[in-house]
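Worksheet: the structure to be examined is printed underneath.
Throughout, protein chains are lettered first and strands after them, A, B, ... in sequence-line order, and every chain is numbered starting at 1. Being a predicted model, the structure only gives us computed values, none of them experimental.
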Protein chains: 2
Amino acid sequence: MLTRSEEDHIKAVYALLQEGESAFTKDIAERLRTKASSVTDMLKKLSGKSLLKHEPYYGAKLTAKGQAIALQLVRRHRLWETFLVERLGFGWDEVHEVAEQMEHVANEKLIDKLDEYLGHPHFDPHGDPIPDKQGKLRTRKTKRLNTCKPGESVRIAAVSETTDGLLRLLDAKGLRIGTTLSVQDVHAFDGSMDIKPQRGSAFSLSKDVIHHLQVENA
Amino acid sequence: MLTRSEEDHIKAVYALLQEGESAFTKDIAERLRTKASSVTDMLKKLSGKSLLKHEPYYGAKLTAKGQAIALQLVRRHRLWETFLVERLGFGWDEVHEVAEQMEHVANEKLIDKLDEYLGHPHFDPHGDPIPDKQGKLRTRKTKRLNTCKPGESVRIAAVSETTDGLLRLLDAKGLRIGTTLSVQDVHAFDGSMDIKPQRGSAFSLSKDVIHHLQVENA
DNA sequence: AAAATAAATTAGGGACGCCTAAAAAACGAT
DNA sequence: ATCGTTTTTTAGGCGTCCCTAATTTATTTT
């Protein structure tokens, strides 16, 4: 049985690796709003439990056991988010904090029943894949919108839920998961991009926004 | 913001008082499977936060503030139990432990939305009243089955969920919330009672069982 | 290569929540 | 009224998880 803090650290390592970054002590600390020395302690503890391997200055890697735990946590988090949005009527920008608490409720039957109740969803309200009971993720070939060229036509596949204010901005602009749009122009000066949704007129998105949108070919 | 342990102690005091018992240090400890000295510490802490008053050998009483918190916890617990049984298909004997964890997820909007989703239920799967947002409990005039006399006709109103094995026994005998039955005979020797459900034939219930059944006049 | 910078760890300490053992306080029985 | 029992508190300690400050280790700059 893991403590809440242990689970949080495993999830932080998983999330960093998932984003293609290394899981350095200082990055884990920043993500968890704690201090590097605290993370050192915890990495030592989790190493002792064979949940991860840690080499200073090279970052932490999860063991198979640690990976499995991280995937269960992600599964719980995303299932609860789906429940909150689809059943309780929460906005997609309101659910992260709540799910952050609910994911620590440890009961296998609960999650299996919830999964079944929701119809075994493969993606959460932000477009992120939900691991199945075995920890398997459905993969898609997505890329970040900022890597697209003028003329490309793409569909919004997923959105970073942790970036404050992004979801409300997208709401305001009428952009959501599944929205199809074409890239019109890219401005080197500020990295902004002009896009045109399938229905509606064209407008511009800042570098910060297009960097956080995952899209797939339409 | 209260810690989980603080919340558990407040709920234990509330539960004991609700059952008509005094909330003595040792009883709280027993309920929380902890030691009397630990409870003393916590009572001191909660006194300092003005959530309860504690006089040694006279038991603890909740302040208005403590009472309000206890009622919110009970509300969360019973709403989650209702959700687990009515929506996720859990058995009424399986939900206590899970709800015990879920009740500590602190988010007012979550509970309000859940309440609405469930149709503002007044009673949980064990027949216990669910406090509304203001902490108000629907009251009924119930009595324990063991206080009933032969000839009385009553309906099962509520059942102690914390008594291990009781719910499964009732399931096996076909007794549930709302079942109407008549008292046939009471045996002084072992305190057992012969009852007859409205539909079905008569059988006997032990002293231990009838002591834990709350009934109302049919 | 040495110096400056950045990252990580160690050392030591505090709050919390729990424990055991011992002391104190109240109660009950004779 | 006193003795023994029960209840409660106090005293002291332990593990967890966090912190700051100091130190070590690695990397980058000059």
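- Proximity of A:His54 to the phosphate of C:dT9: a side-chain N or O atom is located under 4.0 Å from OP1 or OP2.
- For residues 130-139 of chain B, the salt bridge (Lys or Arg N to Asp or Glu O under 4.0 Å) pairs, not counting sequence neighbours, are B:Glu108-B:Lys133, B:Asp112-B:Lys133.
- By the salt bridge (charged side-chain N to carboxylate O under 4.0 Å, His left out) test, B:Asp27 is found to be paired with no residue, residues two or more places apart in sequence or in another chain being considered.
- Using a cutoff of 4.0 Å between basic side-chain nitrogens and carboxylate oxygens, A:Arg4 and A:Asp8 are scored as salt-bridged.
- Among residues two or more places apart in sequence or in another chain, the side-chain hydrogen bond (donor to acceptor under 3.5 Å, both in side chains) test is passed with A:Asn217 by A:Lys143.
- Partners of B:Val74 according to the side-chain contact (heavy atoms from CB on, under 4.5 Å) rule, which considers only residues two or more places apart in sequence or in another chain, are B:Tyr14, B:Arg78, B:Pro131.
- Nucleotides of DNA chain D with any atom under 4.0 Å from a heavy atom of chain B span, from 5' to 3', D:dT7 to D:dT10.
- Pairs of residues two or more places apart, or lying in two chains, that qualify as side chain to side chain donor-acceptor pair (under 3.5 Å) and include a residue from residues 46-73 of chain B are B:Glu6-B:Lys49.
- Computed from coordinates, the B:Lys44 NZ to C:dC16 P distance equals 14 Å when rounded to whole Å.
- Identified under the side chain to side chain donor-acceptor pair (under 3.5 Å) test for residues 86-98 of chain A, with sequence neighbours left out: A:His77-A:His96, A:Trp92-A:Asp171, A:Asp93-A:Arg168, A:Glu94-B:Lys109, A:His96-A:Glu100, A:His96-A:Glu161.
- Phosphate proximity of C:dA15 to B:Lys45: absent, as no side-chain N or O sits under 4.0 Å from OP1 or OP2.
- Within residues 15-43 of chain A, the residues that place at least one heavy atom under 4.0 Å from DNA chain C are, in residue-number order, A:Phe24, A:Thr25, A:Lys26, A:Ala36, A:Ser37, A:Thr40.
- Among residues two or more places apart in sequence or in another chain, the salt bridge (charged side-chain N to carboxylate O under 4.0 Å, His left out) test is passed with A:Glu103 by A:Lys11.
- To the nearest angstrom, P of C:dT9 lies 11 Å from CD of A:Glu55.
- Scored by the side-chain contact (heavy atoms from CB on, under 4.5 Å) test, A:Arg176 finds A:Thr179 as partners (sequence neighbours excluded).
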Atom pairs under 3.5 Å: protein N/O with N/O of nucleotides 24-29 of chain C:
| from | atom 1 | to | atom 2 | distance (Å) |
| --- | --- | --- | --- | --- |
| C:dA25 | N3 | B:Tyr57 | OH | 3.0 |

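- With sequence neighbours left out, the side-chain hydrogen bond (donor to acceptor under 3.5 Å, both in side chains) criterion links B:Gln101 to no other residue.
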